There are 2 protein chains.
Amino acid sequence: MEISKSELKVLNALWQSYPCSASEIVDRLDNQLEWHEKTVKTLLGRLVKKQAISFQKDGRRYLYSPLIEQKDFQQTESKHFLDRIFGGRVSPLIASFANQEKLKQEDIDQLKKIISDWEKDND
Amino acid sequence: MEISKSELKVLNALWQSYPCSASEIVDRLDNQLEWHEKTVKTLLGRLVKKQAISFQKDGRRYLYSPLIEQKDFQQTESKHFLDRIFGGRVSPLIASFANQEKLKQEDIDQLKKIISDWEKDND
DNA sequence: ACAGTTCGATTACAAATGTAATCGATTGAC
DNA sequence: GTCAATCGATTACATTTGTAATCGAACTGT
């Protein structure tokens with residue numbers, strides 16, 4: 001099932017480290033946004049129902065853990081994003097970051113590596 | 001305002017060429033998905049209300065045109081996507097594509113150009 | 001000139017989403 | 001031992017989204 005934007009913020013906080021209690025998640029999010037504790041708990045519940053996370057009991061509270069891996073999630077989302085916004089083409093996406101001057105040396109190095117790997121496989 | 005996924009499909013079809021009538025949009029989309037004509041028209045109406053597109057009258061029908069440019073849209077969406085999914089960092093995103101065999105020769109060529117442009121600007 | 005089609009406008013309606021509040025059980029502080 | 005704080009569960013409720021159907025005006029084919 002689809003993870004909503006709000007849910008994703010919670011999931012991102014959980015990926016930082018887990019297992020993790022609800023109130024700890026609330027604390028992690030407090031730095032970034034002003035959400036009521038109740039809201040965060042609702043979102044945790046929805047993530048459980050969507051089987052994106054699970055929990056084990058620790059006394060009367062729950063300790064949550066992700067059920068989906070961040071890398072897998074990023075990969076699927078990237079593919080869908082690329083299809084929706086760029087018609088599935090990678091290079092316009094990168095070009096768009098280039099325009100925004102968001103590319104750092106690190107990114108360029110990584111691109112070079114990707115290119116050379118690709119060329120190794122395709123000739 | 002936020003453009004929804006369905007609305008974006010319509011907007012993508014409109015970006016192909018415009019001004020463009022509703023029924024022409026319906027035709028363009030027919031190749032990709034099975035939407036009722038009514039659905040497409042609803043979405044056009046919502047895009048107008050969101051000020052993403054506009055129209056001029058041509059007899060009793062409307063000819064639509066985008067109000068936002070595709071490149072601008074792609075750029076903002078890319079940035080938001082990066083923030084949401086990758087915490088704003090480009091290189092993990094790029095790495096994620098390396099795995100997916102989404103790169104074509106043309107992408108590689110363009111990536112090389114992006115790199116050399118970048119290096120021209122940064123040394 | 002009348003019937004069927006086609007236009008845009010308006011209305012429909014269930015599911016998802018954002019953002020909580022309430023409720024009953026439990027626990028911790030005094 | 002009692003009262004307040006806290007836990008998860010359940011309920012709330014407006015807005016957005018997906019996906020149309022209906023309605024009245026206009027046009028088209030015959």
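In what follows, chains are A, B, ... by sequence order, proteins preceding strands, each numbered from 1. Below, all heavy atoms of this structure are taken into account, side chains as well, without hydrogens, waters or symmetry copies. Quick caveat, the model's predicted, so the values are computed rather than measured.
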S.K.: To the nearest Å, give me how far apart CD (A:E24) and C1' (D:dG8) are.
M.R.: 18 Å
S.K.: Tell me: CG of B:L29 to P of D:dG18, nearest whole Å?
M.R.: 14 Å
S.K.: Rounding to a whole Å, what distance do you find between A:L44:CG and C:dG18:P?
M.R.: 14 Å
S.K.: Could you say whether A:S4 or B:R61 is positioned toward the 5' end of DNA chain C, judged by the nucleotide with the nearest heavy atom to each?
M.R.: B:R61
S.K.: Let me know the distance between OH of A:Y64 and C1' of D:dA9, rounded to the nearest Å.
M.R.: 10 Å
S.K.: Side-chain N or O of A:T39 versus OP1/OP2 of C:dG18: is the shortest distance under 4.0 Å?
M.R.: no
S.K.: Rounded to the nearest Å, what distance is computed from the CG atom of residue A:L43 to the C1' atom of nucleotide D:dA12?
M.R.: 15 Å
S.K.: Measuring from the side chain of B:W35 (C-beta onward, heavy atoms only), which nucleotide among D:dT17, D:dG8, D:dA20 has the closest atom?
M.R.: D:dA20
S.K.: Could you check whether the side chain of A:R46 and the base of C:dT19 have a donor-acceptor pair of N or O atoms closer than 3.5 Å, going by distance alone?
M.R.: yes
S.K.: Would you say A:S23 reaches D:dT6's phosphate, i.e. side-chain N/O to OP1/OP2 under 4.0 Å?
M.R.: no
S.K.: Do any N or O atoms from the side chain of B:D107 and from the backbone of A:S91 form a donor-acceptor pair under 3.5 angstrom?
M.R.: yes
S.K.: Checking only heavy atoms, does the side chain of B:K38 share a donor-acceptor pair with the base of D:dT22 at less than 3.5 Å?
M.R.: yes
S.K.: Do the ring planes of A:W15 and A:F73 sit parallel (below 30°), tilted (30 to 60°) or perpendicular (above 60°)?
M.R.: tilted
S.K.: Given C:dT17, D:dC7, C:dG8, identify the nucleotide with an atom nearest to the side chain of B:K41.
M.R.: C:dG8
S.K.: Is any N or O donor-acceptor pair between the side chain of A:R60 and the base of D:dT6 shorter than 3.5 Å?
M.R.: yes
S.K.: Between the side chains of B:N12 and B:Q16, is a donor N or O closer than 3.5 angstrom to an acceptor N or O?
M.R.: no
S.K.: Has A:E7 got a side-chain atom pairing as donor or acceptor with A:S4's backbone, closer than 3.5 angstrom?
M.R.: yes
S.K.: Report yes if at least one side-chain N or O of A:K50 is closer than 4.0 Å to OP1 or OP2 of C:dT17; otherwise report no.
M.R.: yes
